[in-house]
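In what follows, a structure is listed as structure tokens, so that the remarks can point back to it.
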Amino acid sequence: LHIAILASILSLIIYWLIRDGHRVGNLSGKHVFVTGCDTGLGNSLAKWLDKRGFCVIAACATEKGGQELRSCTSPSLKTVNLNLADSNSIARAVVFVTKETAGKGLFGLVSNAEGTAPVAPTDWLRIEDFHSVLDVSLLGLIEITLKLLPLLKKAQGRVVNLINAKGLMAFVGGGYSLSKWGMEAFSDTLRIEMQHFGVKVSIVEHGFFKAGVVNSDVIERDLLRLWNRLIPEIRDSYGEKYFIE
């Protein structure tokens with residue numbers, strides 16, 4: 001029994017030594033670009049990375065979000081406005097990141113952004129409802145990743161895609177789950193391809209966070225809007241009872 005306990009303790013010590021040996025050192029001067037930093041997980045991560053000593057470039061959808069983030073972080077944290085549904089906005093952000101990294105390359109890209117996604121049965125939706133989430137949460141994230149790959153390869157950096165695990169459960173129609181499954185596939189493929197260049201690609205499947213609690217009033221309002229625009233044939237096939245329940 002005593003030998004088993006000692007062996008367990010020794011194994012833990014070896015594990016801790018190996019784990020600590022893989023910690024990133026010399027954080028100063030290493031640039032990390034984080035998307036979706038106005039609120040929630042991206043906002044908290046940008047602050048945490050800033051405290052650790054990274055040179056953080058935080059992408060915010062609004063100027064207000066950027067100002068609030070700068071007001072509570074160090075001068076080394078920079079913000080840039082980014083609309084992932086707009087290729088011109090993405091191009092401007094890439095120019096900004098290139099300038100900030102000043103030839104050093106990009107140590108990390110953390111993608112954390114979600115487009116608005118109506119929650120409803122599939123045949124209540126139109127193609128633009130799919131675009132509203134896929135253009136941001138899938139195609140936008142893919143586009144900015146592709147444009148930053150040269151900087152990531154230069155620094156032998158890493159890509160970290162934050163994916164809400166609830167999106168991997170296809171329990172509702174629309175583009176939300178499509179975007180999450182798409183990012184999983186994109187990440188898995190990119191991981192294999194980037195190994196040759198020393199670039200690491202990781203997926204973090206997170207759960208619910210208090211900062212991102214879904215507003216039931218917004219969901220109900222969306223449902224009512226979608227219900228009211230349905231053609232009579234589809235509305236009658238479901239019935240008023242279905243909608244109320």
* To do: Starting from the C-alpha separation in whole Å, work towards a yes-or-no answer on side chain to side chain contact (heavy atoms under 4.5 Å, CB included) for Leu77 and Leu69.
  => CA-CA 9 Å; Leu77 183 142; Leu69 185 56; 4.1 Å; yes

[X] side, atom [atom1]; [Y] side, atom [atom2] - distance, nearest 0.5 Å:
X      : Y      : atom1 : atom2 : value
Ile144 : Leu139 : CD1   : CG    : 13.5 Å
Asn164 : His206 : CG    : NE2   : 4.5 Å
Thr79  : Gln67  : OG1   : CD    : 8.5 Å
Leu146 : Leu141 : CG    : CG    : 11.0 Å
Ser74  : Lys51  : OG    : NZ    : 11.0 Å
Lys200 : Arg191 : NZ    : CZ    : 12.5 Å

Would you mind checking if [Y] and [X] are paired as a salt bridge, meaning a charged N to carboxylate O distance below 4.0 Å?
X      : Y      : answer
Glu184 : Lys180 : no
Arg126 : Asp129 : no
Asp50  : Lys47  : no

Side chain to side chain, [X] and [Y], heavy atoms closer than 4.5 Å:
X      : Y      : result
Arg92  : Val80  : no
Lys30  : Lys104 : no
Lys78  : Val56  : no
Trp227 : Leu223 : no
Val97  : Leu106 : yes
Phe54  : His31  : no
Phe33  : Glu100 : no
Ile90  : Leu82  : yes

Taking all non-hydrogen atoms of both residues, which atom of [X] and which atom of [Y] are closest, and how far apart?
X      : Y      : result
Ser89  : Asn83  : OG-N, 2.8 Å
Cys37  : Ala58  : SG-CB, 3.7 Å
Met194 : Leu149 : SD-CD2, 4.0 Å
Ala91  : Lys147 : CB-NZ, 4.2 Å
Ile234 : Asp123 : CD1-O, 3.6 Å
Ser111 : Asn161 : CB-OD1, 3.2 Å

Exercise. Determine whether Ile192 and Met183 fall in the same hydrophobic cluster, where Ile, Leu, Val, Met, Phe, Trp and Tyr are linked whenever their side-chain heavy atoms lie under 4.5 Å apart.
Key: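 In one cluster: no.
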
Query - Joint hydrophobic cluster, Leu151 plus Val95, side-chain heavy atoms closer than 4.5 Å - result: no

Starting from the C-alpha separation in whole Å, work towards a yes-or-no answer on side chain to side chain contact (heavy atoms under 4.5 Å, CB included) for Glu193 and Val201.
CA-CA 10 Å; Glu193 297 169 343; Val201 179; over 6 Å; no

Any side-chain to backbone donor/acceptor pair from [X] onto [Y]? Under 3.5 Å, distance only.
X      : Y      : result
Asp188 : Ala185 : no
Arg235 : Asn228 : yes
Ser179 : Tyr176 : yes
Asn112 : Leu162 : no
Asn43  : Asp38  : yes
Thr101 : Thr98  : yes

### Query
For Glu233, does the CD atom have more than 12 heavy-atom neighbours from other residues, nucleotides or ligands under 6.0 Å away?
no

| said: Arg52 vs Leu49, test: side chain to side chain contact (heavy atoms under 4.5 Å, CB included). Steps then yes/no. | reply: CA-CA 5 Å; Arg52 291 295 303 274; Leu49 291 171; 5.6 Å; no

Next item on the list: Using the side chain to side chain contact (heavy atoms under 4.5 Å, CB included) rule, take Phe107 and Arg158 through it: C-alpha gap first, then chi angles, then the decisive distance, then the call.
Entry: CA-CA 6 Å; Phe107 179 75; Arg158 63 280 326 276; 3.6 Å; yes

In terms of ring plane angle, is the pair Tyr238 and Trp124 parallel, tilted or perpendicular, where the classes change at 30° and 60°?
perpendicular

* To do: Only counting residues at least two apart or in another chain, list the ones meeting salt bridge (Lys or Arg N to Asp or Glu O under 4.0 Å) with Glu68.
  =>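 Here no residue qualifies.
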
